[in-house]
Amino acid sequence: MQKEEIKSVITPRTQLLFKDKAEIKDWRRKIIENPVYEPILNEVKEEGNRLIKESDPELSFTLFRIFGETGSRLEYEKVYFQRRRRLNTFAIMLLLEPHNDVCREALENTIWSICNEYTWCLPAHLKNGPETKLSIDNRLLNQSVQEFTIDLFAAETAFSLSEIMKLLESDLNPQICKRIYEEVKRRIFHPFIKQEPFPWETATHNWAAVCGGAIGAAAMYLVNDDDILAMILNKVLRTMDFYLDGFREDGICLEGYGYWQYGFGYYVYFADLLKTKSAGVLDLFQTSKVREIAFFEQKSFLFGNHVVNFSDAVPTAEIFLGLSHYLSRVYPDFEVPERSLGASYTADHCSRWAPAIRNLIWFDEAKEGKEWKPATFFSEDSQWFISRHRSEQGQFSFAAKGGHNDEPHNHNDIGHLILQGNGQVFLKDLGSGLYNNDYFGDRRYSFLCNGSQGHSVPLINGLTQREGGGCKASIKKAAEEGIVEVFEIDIAKAYELEELQTLIRKFTWTKKSLPTLVLEDYYSFKKGPSSIVERLITPILTVIEVEEGIILEGKERLRILFDRNQLIFEAQRLSFMNHFGENEELMALDFQVRNPGKDIWTKFVFEFI
C-alpha cells in the first residue's frame with residue numbers, strides 16, 4: 001500500500017485502545033468490581049506500594065560503561081527495567097485511581113526521569129552508534145540535528161510513553177505531556193524518517209516487529225500531520241512485511257516461544273491500533289500465514305507451561321492471556337490456554353508496558369481455557385516434530401528437530417530431542433543462556449547451551465556440529481500410522497566431516513497407554529571413525545544401572561534400554577549460566593561406541609515405567 005492510500009483511510013481518532021473517555025470509565029468500573037480481576041489488581045497495588053517507598057534508581061555512568069568494559073549486561077539492564085516497572089505500575093494505578101495524587105506525582109517523576117536518560121537504548125545495542133562516538137562538533141551554529149540509535153527498548157519506550165500519555169492526558173501535568181512529545185519526536189520519529197535506514201527495518205526476526213510496531217503505534221498516538229503519519233506507517237508496514245518473511249508458511253517461530261510472544265505480540269499490538277486508526281480498512285490479520293503464526297502458541301507447548309524450547313527459549317513460559325484472548329476473537333478456532341498459565345504482573349523481567357496493560361484490557365473473564373489438547377504437529381519447512389499424548393496413565397510428549405544451523409538465535413542442535421512424562425522432563429533442551437557480549441559473538445558455540453555439546457546429539461571424533469546454513473538436515477520420513485509416529489532425518493551435513501557419508505537419525509514414537517520412544521542412528525563412513533559418543537542431556541536425576549540399561553528417576557521414572565556390548569555408559573554433571581544469571585546443573589549421559597567401524601547402528605529404547 002502506498003503512502004497516499006494509507007493517508008486516505010486514516011481517521012482522526014486519538015483514543016485507540018478505547019473508544020473514548022467514557023469507555024475508560026466503564027472499563028475501570030468493571031475490573032474494580034469484578035472479582036476475577038482481583039488477583040492481578042492486588043499484585044499491581046502491592047508492587048505500587050513497594051515502589052512508592054523507593055527512590056527512582058539512577059542509571060549512572062558507572063552502570064553505563066560496564067558493558068563496554070566487561071561485556072556484562074545485567075548491571076545496567078536491572079536498573080533500566082526497574083525504571084520501566086515503575087512507569088507501568090504508577091500508570092496503571094493512576095488509570096484505576098485517577099484522583100490518587102501520590103501516584104500521579106510518582107508517575108510524573110518517573111516519566112521525567114526516563115525523558116532525562118542519556119539514551120533509551122541498552123548499551124549492548126549501541127555498538128558503533130552515535131551515542132558512543134567520541135568526536136565532538138565544536139560548531140555553535142548550523143549544527144546538524146543530533147542523531148540517535150533506535151533499538152528494541154528505545155522504540156518500546158516511545159510506545160509506552162505515547163500510549164500512557166493519551167490514556168492519562170487529562171490527568172497529567174501539561175509539561176509532562178509536552179516533554180513526551182519532544183523526546184519521542186527527537187529520539188524516535190526524526191531518526192526513523194531522516195537518518196539512514198536501521199538494520200532492523202529489513203530484518204526477518206523479532207526486531208522488525210518490535211521496533212517497527214512500537215514506532216508505528218507511537219506515531220498513531222502523537223503525529224497529527226497526516227502526511228508524516230502516512231509516511232511513517234508506510235515504512236513500518238514495509239518492515240512488517242520483512243518480519244513475516246522470516247516465517248515459513250507453517251508459522252513456526254524458529255527463535256522460540258518467548259520471541260514469538262515478544263515479536264508477534266508487537267505485531268498484534270500495532271495491527272490492532274492500525275485497524276482502529278483506519279476504521280477497519282487496514283487489517284493485518286487476514287492472511288493464512290499470519291493465522292498460522294498466531295497458532296504457533298498452541299503448537300509449541302508440551303504440557304502445562306513447558307514449551308518446545310529450541311533455540312534461545314527458556315523451558316517454561318507464562319502466557320499473556322490478554323494477547324491469547326484477543327487472538328481467539330480474531331480466529332474463532334484459536335485454542336485458548338488455561339487461565340492458570342497466565343503471566344503474573346511481575347513475570348516480565350523487562351517490564352514491558354504494551355503486554356502489561358493489554359493483559360488487563362484484552363482479558364476476557366468468560367474464557368476459562370482448557371488443557372492443551374493431544375495433538376501431533378510436523379512441519380516440513382521448519383522440520384519440527386511435536387507430539388502431545390494423553391492416556392489413562394497421564395500426559396506424555398516428545399519433540400525433535402531437523403532444520404539447519406544458521407537459524408535465528410541459532411543453536412547447533414540438528415537431530416536434538418525433548419522427552420517428558422507426567423510433568424517430569426527426562427531429555428531436556430537447556431534453552432537460552434545468559435546474554436552478554438560473547439554470547440552473540442565469535443565464542444557463541446563455546447557456550448554449553450548453544451553448541452551441540454549441550455544437546456542430545458552425537459559427538460564424532462570428539463567433534464561437535466558446525467554452524468552455518470550448509471549444516472542442515474534432510475527429511476527421510478515423517479509419518480503417523482495409527483498409534484505409531486515416525487520422524488526420520490539425515491543429519492550428516494551437520495558435522496562437516498568428509499568421511500561421514502550418512503547419519504540417519506530415526507525416532508519412532510508409539511503412543512500406548514505408557515508410550516515408548518525408539519531412537520536409532522545409522523552411520524556410514526568412508527573409513528571408520530576414531531570415536532562416536534551418543535550424548536543425551538537430562539536434568540539432575542537419579543541414575544540406576546540395570547543389566548539391560550539404566551533407569552532415570554525423578555518424580556517419575558524412565559527406563560533406557562541399550563546394548564551394553566556395544567556401548568560404554570558414563571554420566572557426568574555439567575553446568576551453565578542460564579538466561580537469568582543462575583548457575584544451572586544438568587547431566588550428560590554419554591554412550592561411547594566400542595570399536596566403531598565404517599557402518600554403525602545404535603539403538604535406544606525409552607520406556608516410561
Side-chain angles (χ1 to χ4, degrees), residues 310 400-402 405 411-419 425-430 445-467 471 473 488-507 517-541 543-546 548-552 558-576 585-606:
F310 301 143
K401 75 179 294 290
N405 282 341
H411 290 190
N412 290 342
D413 59 356
I414 298 172
H416 176 55
L417 71 152
I418 300 170
L419 183 67
V425 177
F426 288 104
L427 301 181
K428 69 178 293 184
D429 189 300
L430 302 182
Y445 299 105
S446 67
F447 289 81
L448 184 68
C449 56
N450 297 340
S452 70
Q453 67 272 21
H455 293 82
S456 295
V457 296
L459 300 166
I460 305 175
N461 292 341
L463 301 177
T464 57
Q465 294 184 7
R466 303 297 300 169
E467 68 273 16
C471 299
E488 186 176 344
I489 52 179
D490 188 341
I491 65 173
K493 289 184 178 178
Y495 291 88
E496 291 189 340
L497 290 170
E498 184 179 349
E499 59 269 29
L500 178 61
Q501 294 177 303
T502 58
L503 172 43
I504 306 296
R505 172 155 275 206
K506 181 180 180 182
F507 304 96
L517 174 69
V518 177
L519 168 60
E520 299 169 278
D521 283 339
Y522 302 85
Y523 300 82
S524 176
F525 293 89
K526 293 179 182 177
K527 64 177 182 178
S530 59
S531 69
I532 292 177
V533 174
E534 295 275 7
R535 171 164 287 186
L536 300 174
I537 298 296
T538 77
I540 298 297
L541 299 168
V543 179
I544 303 169
E545 296 213 36
V546 294
E548 68 275 24
I550 60 174
I551 293 173
L552 299 182
L558 179 76
R559 182 187 294 117
I560 305 178
L561 307 178
F562 62 93
D563 184 353
R564 286 191 177 273
N565 293 320
Q566 180 195 33
L567 301 171
I568 304 169
F569 169 69
E570 181 183 14
Q572 58 176 314
R573 282 193 175 221
L574 302 174
S575 66
F576 78 110
E585 292 192 317
L586 61 133
M587 291 197 306
L589 308 183
D590 288 340
F591 303 82
Q592 183 170 350
V593 177
R594 302 177 190 267
N595 305 316
K598 291 172 62 177
D599 296 295
I600 303 160
W601 172 58
T602 64
K603 179 179 180 180
F604 298 90
V605 180
F606 303 92

* For the student: nearest non-hydrogen atoms of Ile491 and Ala473, plus distance -> CG2-CB, 4.3 Å

* Asked: Which distance, rounded to the nearest 0.5 Å, do you find between the CG of Leu417 and the CG of Leu427?
  -> 5.0 Å

* Which atom of His416 lies closest to which atom of Val457, heavy atoms considered -> N-CG1, 3.7 Å

* Is there side-chain contact between Asn412 and His455, with at least one heavy-atom pair below 4.5 Å? -> no

* To do: Heavy atoms only: give me the nearest Tyr495-Arg466 pair and the separation to one decimal.
  => O-CG, 4.0 Å

* Structure fact -> Nearest heavy-atom approach of Ala588 to Arg535 is CB-NE, 3.8 Å

* Asked: Between His411, Glu467, Lys493, Gln465, which is the residue that forms a side chain to side chain donor-acceptor pair (under 3.5 Å) with Asn405?
  -> Gln465

* Structure fact -> Between the CD atom in Gln572 and the CE atom in Met587, the distance rounded to the nearest 0.5 Å is 11.0 Å

* Give, for atom CG of Leu517 and atom CZ of Phe606, the distance between the pair rounded to the nearest 0.5 Å. => 6.0 Å

* Can you measure from CD (Glu488) to OH (Tyr522) and round to the nearest 0.5 angstrom? => 7.0 Å

* Do Arg559 and Glu548 have side chains that get closer than 4.5 Å, going by heavy atoms? -> yes

* To do: Determine whether the side chains of Asp490 and Thr502 contain a donor N or O and an acceptor N or O closer than 3.5 Å.
  => no

* Asked: So, do Phe591 and Phe562 have ring centers that fall under 6.0 Å from each other?
  -> yes

* **Exceeds 12 heavy-atom contacts within 6.0 angstrom, atom CD of Glu498** => no

* State the CD1-CG distance between Ile460 and Leu500, to the nearest 0.5 angstrom. => 5.0 Å

* To do: Could you grab the distance from atom CD1 of Ile540 to atom OG of Ser575, nearest 0.5 Å is fine?
  => 9.0 Å

* **Set of side-chain contact (heavy atoms from CB on, under 4.5 Å) partners for Lys428, sequence neighbours left out** => Val425, Leu430, Ile537, Pro539, Glu584

* Over all heavy atoms of both residues, which pair between Phe426 and Leu552 is shortest? Give the atoms and the distance, please. => CE2-O, 3.7 Å

* What are the two closest non-hydrogen atoms of Gln453 and Ser446, and how far apart are they? -> NE2-O, 3.7 Å

